[in-house]
Amino acid sequence: MAVESAVPRPRFYTGPYSTAWRLVGRYGRELKVAIALRFLQSICAGLPVLFLVWVVNRLRQETLTVGDAWLATSVTVGAIVLQFAVWYASNRIAWISTYFATGEARATTLEHIQRLPLGTLRSHTTGNVTATFTTDFELAAQYVSEAMPALLGALGLPLFVVAGLGFMDPSLAVSVAVSLVVAGPLFIWVNNRFKALALLRGDRMAEAGGRILEYVRGIAVARAFNRTDDRMSRFSHAVGTMREINMRLVLRLLPLGMLTIGVVQLGVPVVMASTAYRWFGGAVDAGTALVFLVLIMRVYGPIVALSGHFELLRLGDAALER
């Protein structure tokens with residue numbers, strides 16, 4: 001079933017990332033630092049993997065020394081400690097800067113609304129304006145402070161692992177990356193489908209919010225003129241609309257999200273089959289096969305974990321456009 005068209009948008013929206021950077025304004029530098037730190041955290045998580053590959057190669061060549069073992073252990077411990085320190089710093093900077101930025105953006109938006117002609121204001125419902133200042137700004141803040149850093153952070157570890165595996169066996173490393181490449185266009189398609197529904201959800205939630213405000217503000221007058229049944233009917237319809245659009249969002253998101261994750265995780269059996277084929281053919285030794293089979297989930301794990309931010313990415317994008 002085709003997704004209903006959402007309310008036409010003004011030209012202020014130029015895409016999620018450029019719009020987000022304009023939203024944060026003078027706090028953009030802090031946000032860039034937070035994103036860079038999140039990527040650094042992902043690199044720190046990948047360093048132990050690279051040194052594990054290095055140690056295994058040394059073991060295969062029977063050239064591992066005590067000094068090598070101590071070096072690998074020291075780097076691993078240091079990377080783990082640094083990973084948590086960088087994660088804390090990244091989250092702290094992102095959260096503080098984003099909420100200061102959205103606070104200033106709310107004030108700027110309110111000043112802008114006060115300067116608008118009355119005719120323009122009348123074209124927007126109370127619920128729509130209220131949703132912009134509450135739900136939309138909150139989702140946009142979460143998009144900037146959580147989803148954007150998580151998206152870039154999830155890429156660092158897989159890239160490092162694939163690079164490390166590529167030194168051991170380029171052919172098997174390609175089989176690791178193939179499912180990620182295949183999942184790319186699917187992710188874009190799912191993103192577009194879900195964003196259209198998220199925009200519609202924002203519009204319907206704003207409309208329902210306006211009905212609820214109307215009911216609460218007018219309840220005294222309704223009771224005085226015995227019109228509570230009529231207002232209760234509108235209120236019930238608004239609540240029903242909110243429930244319906246959220247149900248549609250969940251029912252469409254789950255299968256599309258599972259499809260994307262499923263395609264990514266297809267890389268696990270592909271790598272297992274490729275490794276077994278090359279091992280039985282004598283192209284790789286047992287050590288290389290073992291490393292690939294053990295580390296395969298270190299590649300797909302962060303990508304699958306990113307699915308937890310999938311809904312936030314799309315809702316935040318839709319909130320920025322609204």
Side-chain angles (χ1 to χ4, degrees), residues 9-47 50 75 78-115 129 131-161 163 184 187-188 191 195 198-199 202 302-303 305-322:
R9 307 293 160 194
R11 294 181 181 178
F12 174 83
Y13 179 80
T14 56
Y17 301 111
S18 59
T19 306
W21 286 119
R22 290 209 307 278
L23 177 71
V24 298
R26 64 191 181 97
Y27 294 93
R29 175 185 292 182
E30 287 85 348
L31 183 60
K32 290 177 181 178
V33 171
I35 292 175
L37 287 175
R38 182 63 68 91
F39 191 76
L40 177 60
Q41 176 211 346
S42 185
I43 293 176
C44 291
L47 281 176
L50 290 182
V75 171
I80 292 173
V81 173
L82 184 60
Q83 177 184 351
F84 284 102
V86 170
W87 176 84
Y88 172 80
S90 174
N91 282 332
R92 179 181 175 84
I93 294 172
W95 291 343
I96 292 176
S97 61
T98 298
Y99 285 107
F100 269 112
T102 51
E104 292 185 4
R106 278 188 172 101
T108 303
T109 305
L110 183 59
E111 293 173 359
H112 173 71
I113 287 177
Q114 291 174 342
R115 295 193 298 267
V129 176
T132 297
F133 278 96
T134 54
T135 305
D136 290 338
F137 264 110
E138 185 64 26
L139 286 172
Q142 293 178 13
Y143 177 90
V144 172
S145 64
E146 298 179 32
M148 284 177 59
L151 179 62
L152 292 178
L155 301 178
L157 179 57
L159 290 176
F160 258 68
V161 174
F187 177 83
I188 295 174
N191 170 66
K195 182 189 171 185
L199 279 170
I303 305 297
L306 185 62
S307 63
H309 295 275
F310 186 77
E311 181 180 3
L312 183 57
L313 282 166
R314 301 289 64 79
L315 290 176
D317 188 1
L320 285 168
E321 185 162 347
R322 273 180 47 76

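On a predicted model such as this, the values are computed, not experimentally measured, just so you know.
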Should we say atom CZ of Phe100 is surrounded by more than 12 heavy atoms from elsewhere, each under 6.0 Å from it?
no
Show the numbers, then the answer: is there a side-chain contact (heavy atoms from CB on, under 4.5 Å) between Asn91 and Arg38?
CA-CA 8 Å; Asn91 282 332; Arg38 182 63 68 91; 2.6 Å; yes
Interatomic distance, Arg92 atom CZ to Trp87 atom CH2 [nearest 0.5 angstrom]
12.5 Å
Quick check for you: to the nearest 0.5 Å, what is the distance between Phe39 atom CZ and Ser42 atom OG?
6.5 Å
Supply the atom-to-atom distance Thr98 OG1 to Gln142 CD, rounded to the nearest 0.5 angstrom.
10.5 Å
Between the CG atom in Leu40 and the CD1 atom in Ile35, the distance rounded to the nearest 0.5 Å is 13.5 Å
Find the distance between CZ (Arg106) and CG (Asp136) and round it off to the nearest 0.5 Å.
9.5 Å
Verify side-chain contact (heavy atoms from CB on, under 4.5 Å) between Ile96 and Tyr27, making sure each step is shown before the conclusion.
CA-CA 10 Å; Ile96 292 176; Tyr27 294 93; over 6 Å; no
So, for Leu31 and Ser97, which heavy atoms are closest and what is the spacing to 0.1 Å?
N-OG, 4.3 Å
Quick one: CG on Leu23 to OG1 on Thr109, what's the gap to the nearest 0.5 Å?
8.0 Å
For Ala79 and Cys44, work out which heavy atoms get closest and say how close.
CB-O, 3.4 Å
Does Thr108 use its side chain to pair, donor to acceptor, with the backbone of Glu104 at less than 3.5 Å?
yes
Could you list the residues that satisfy side chain to side chain contact (heavy atoms under 4.5 Å, CB included) with Thr19, not counting sequence neighbours?
Phe12, Tyr13, Thr14, Arg22, Leu320
Do Trp21 and Lys32 have side-chain heavy atoms sitting under 4.5 Å apart?
yes
